[in-house]
Amino acid sequence: MVSNFGLNEIIAIASPILSVVYPPTLVLIVLALFGSRIRRDWVFRLAALGALAVSLLEVVRTYTGVELAFLDLLPLASLDFGWVLPAAVCGAVGALIPGGRTAAS
């Protein structure tokens, strides 16, 4: 069925999906590189959630025209990396949450 679509239609369908999926995936890949040093699994969860939230808002703004001007205020937003700071802040908050699985568990 997909083969009947043209390349432009396939890209139009895949682009918003990939724009939402890539930031949390990149966050999890980078955190996995330091997995032995990260004590709490909340770091992974909240960092990915922070990246996901910003990427969802970016996609909503891009494809619906809703004005979300605060996204332009994020560092690196001009390079489409506005999700980095929220992911880092959420990951730091996750490191402070007691409980959850630790590296020793």
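Under the 4.5 Å side-chain heavy-atom criterion for ILVMFWY residues, a single connected hydrophobic cluster contains both L57 and V66. Side-chain heavy atoms closer than 4.5 Å link hydrophobic residues (I, L, V, M, F, W, Y) into clusters, and following such links, even through other members, never connects L79 to L18. The hydrophobic cluster containing V84 does not contain V89, counting ILVMFWY residues as joined when their side-chain heavy atoms lie under 4.5 angstrom apart, directly or transitively. In the hydrophobic cluster analysis, where Ile, Leu, Val, Met, Phe, Trp and Tyr join through side-chain heavy atoms closer than 4.5 angstrom, L76 is grouped together with L31. The same ILVMFWY cluster, assembled from side-chain heavy atoms under 4.5 Å apart, contains both V60 and V54.
The two residues L74 and G82 have their closest heavy-atom pair at CD1-O, 3.4 Å. Contact record, V27 with A87: CG2-CB, 3.8 Å, taken as the closest heavy-atom pair. Contact record, P24 with A48: CB-O, 3.7 Å, taken as the closest heavy-atom pair. Residue R61 comes nearest to D72 through the heavy atom pair NH1-OD1, 3.0 Å, listed as atom of the first residue, atom of the second, then distance. Looking at every heavy atom in both residues, G35 comes nearest to F44 through CA-CZ, 4.3 Å. C90 and G50 make their closest contact through SG-CA, 3.8 Å (heavy atoms, listed as atom of the first residue, atom of the second, distance).
Under the ring-ring contact (aromatic ring centres under 6.0 Å, His included) criterion, F81 pairs with W83, sequence neighbours left out. The side chain to side chain contact (heavy atoms under 4.5 Å, CB included) test applied to R45 returns D41, W42, not counting sequence neighbours. I11 is linked by a side chain to side chain contact (heavy atoms under 4.5 Å, CB included) to L7, counting only residues two or more places apart in sequence or in another chain.
Other residues, nucleotides and ligands place no more than 12 heavy atoms under 6.0 Å from the CZ atom of F34. Annotation: Y63, atom OH; neighbour count of heavy atoms from other residues, nucleotides and ligands within 6.0 Å is above 12.
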Pair R40-I97, side chain to side chain contact (heavy atoms under 4.5 Å, CB included): steps then yes or no: CA-CA 8 Å; R40 307 256 181 235; I97 294 177; over 6 Å; no
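The closest donor-acceptor contact from the side chain of S55 to the backbone of L52 lies under 3.5 Å.
Between the CG atom of L73 and the CG atom of L68 there is a distance of 11.5 Å, given to the nearest 0.5 Å.
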